[in-house]
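Every chain is numbered from 1 and lettered A, B, ... according to where its sequence line falls, protein lines coming before strand lines. All figures in this text were calculated on a predicted structure; none of them were measured in a lab.
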There are 2 protein chains.
Amino acid sequence: MARKRKADHDTAIAAALDLFWSQGYDASTREIEEKTGLTRFTLQTAYGGKEGFFLDTLDAYLDRAEQLHFPDPETCDLAGLADWFESVAAPDRIPLIDQRGCLAFNSIADFDRGNAEINKRVQRYLRMFEERVRAILDQAASNGTLTPTLSPNDASRVLVDLLLGLHVTIKARVDDDVARQHAKSIAALVRSWVHT
Amino acid sequence: MARKRKADHDTAIAAALDLFWSQGYDASTREIEEKTGLTRFTLQTAYGGKEGFFLDTLDAYLDRAEQLHFPDPETCDLAGLADWFESVAAPDRIPLIDQRGCLAFNSIADFDRGNAEINKRVQRYLRMFEERVRAILDQAASNGTLTPTLSPNDASRVLVDLLLGLHVTIKARVDDDVARQHAKSIAALVRSWVHT
DNA sequence: GACTTTTCTATCCACGTGGATAGTAATTAT
DNA sequence: ATAATTACTATCCACGTGGATAGAAAAGTC
């Protein structure tokens, strides 16, 4: 038919992920051009503008979080969940998270709730995480390894808020240690739920 | 000496509080003129521009939070703290919080950590809250009313993250009930710490 | 090689932004 | 009253933004 795009979709999205991740939605279209190799023209014609392109990027991020980052109920029990929270602020991961936070979380801040497309993705993020956590808690409850002082319902909501809160702490941090301490305390909380 | 300002400092700050609260730092200088009665000229000469004015407004917000909103260790025990968390999302308060969140929290999102003046105020907010919570927990620990499964250190960090996380949940909400449920679950957690 | 289709390059645009400035009006000290 | 001081009005400005558009260039089809 016609000429091929200089940069293909996948590498463009990968580069954009990097860019939006560090700068949020405020990254300018000029900078998107530089970093992704796309042109503002292509941005317009192929993705329907900056916002459409951002949505695609956010989708890619969520896919990745689902596959790689979130705790997996298949392999993860209550103690594993505690470790997972600690790993969020682990020395090898914190430099990255430290600077950029979580793209989905940042999007909650960048957009108000008037944007339906963003909303869908924010909800997907929250739902995904809560489901994972709840599955782990339900297993622990039926195992008898969950202390009976707190219902899986309450516990899973608390853990969602704790993940979000940890992200805020990371974003608000001045001292690098703070986030790690908070993650440790969250882990300690989860471990206190392990019924012996 | 000279002419008086049409709008005085206090009412201007009060109006600005309202504006920044609902729109964040993105509120335009034009809108600040409308809502506060100040002129862009006065904004410049008397406050050093938009940012200086915003900082003054944020200070006023923090003062208010400290005096009126935060839980008071003098009158508040562990059970009271649980109630306080629930009250954050209470029916009479949630419509407000729902729409506007917390100005200090929003500022964490609006600015990066490169801004020292904002940082100072964000830190003040976090420190104020953590100190209040820690005082309550320390009292409970020495009372013997705090369950020994979690240290006051860990518990206070967890509660800071929970407050922040609750704010995110409120901001990200689609359904109005969600925030209330989360607040209730947090309250349930705190109550589970009450040693009987 | 001619035609078609799509992307690329290079501008151009309207808009909103925070801020600057010059001239005018109001208020107070003398 | 007059002078001094401050705030107000009304523009003006430079800048960055996302987006639009016209023409050139490249890659297919025939």
Whole-Å distance separating the CG atom of B:L38 from the C1' atom of D:dC8: 12 Å
Rounded interatomic separation in angstrom, taking CZ from B:F54 and P from C:dG18: 13 Å
Check: B:K171 main-chain N/O paired with A:R113 side-chain donor or acceptor under 3.5 Å: yes
Pairing residues for A:Q139 by the side-chain hydrogen bond (donor to acceptor under 3.5 Å, both in side chains) criterion, not counting sequence neighbours: none
Is there any protein nitrogen or oxygen under 3.5 Å from a nitrogen or oxygen in nucleotides 20-23 of chain D, and what are the pairs?
{"unit_1": "D:dA20", "atom_1": "OP2", "unit_2": "A:Q44", "atom_2": "NE2", "d": "2.8"}

Spacing between B:Q23 atom CD and C:dG16 atom C1', to the nearest angstrom: 14 Å
Residue B:T42, side-chain atoms from C-beta onward, closest of D:dC8, D:dG18, C:dT9: D:dC8
Qualifying salt bridge (charged side-chain N to carboxylate O under 4.0 Å, His left out) pairs, either residue in residues 130-144 of chain A, two or more places apart: A:E130-A:R134
Aromatic ring proximity, centroids under 6.0 angstrom, A:H9 and A:Y47: yes
Any pair counted as salt bridge (charged side-chain N to carboxylate O under 4.0 Å, His left out), so long as it reaches residues 52-61 of chain B, sequence neighbours left out: B:D59-B:R121
Partner residues of A:S185 under the side-chain hydrogen bond (donor to acceptor under 3.5 Å, both in side chains) criterion, sequence neighbours left out: B:D154, B:R157
side-chain hydrogen bond (donor to acceptor under 3.5 Å, both in side chains) partners for B:R124, two or more places apart: B:D63, B:E66
Nearest-angstrom distance from the residue atom CG of A:D8 to P of C:dT6: 19 Å
Between C1' of D:dT17 and OH of A:Y25, the distance in whole Å: 11 Å
Residues in side chain to side chain contact (heavy atoms under 4.5 Å, CB included) contact with B:D10, at least two apart in sequence or another chain: B:D8
Contacting residues from residues 28-35 of chain A, given that a heavy atom lies under 4.0 angstrom of DNA chain D: A:S28, A:T29, A:R30
Separation of atom NZ in B:K50 from atom C1' in C:dG16, rounded to whole Å: 11 Å
Interatomic distance, B:L43 CG vs C:dG18 C1' [rounded to whole Å]: 10 Å
All ring-ring contact (aromatic ring centres under 6.0 Å, His included) counterparts of B:Y125, not counting sequence neighbours: B:F70
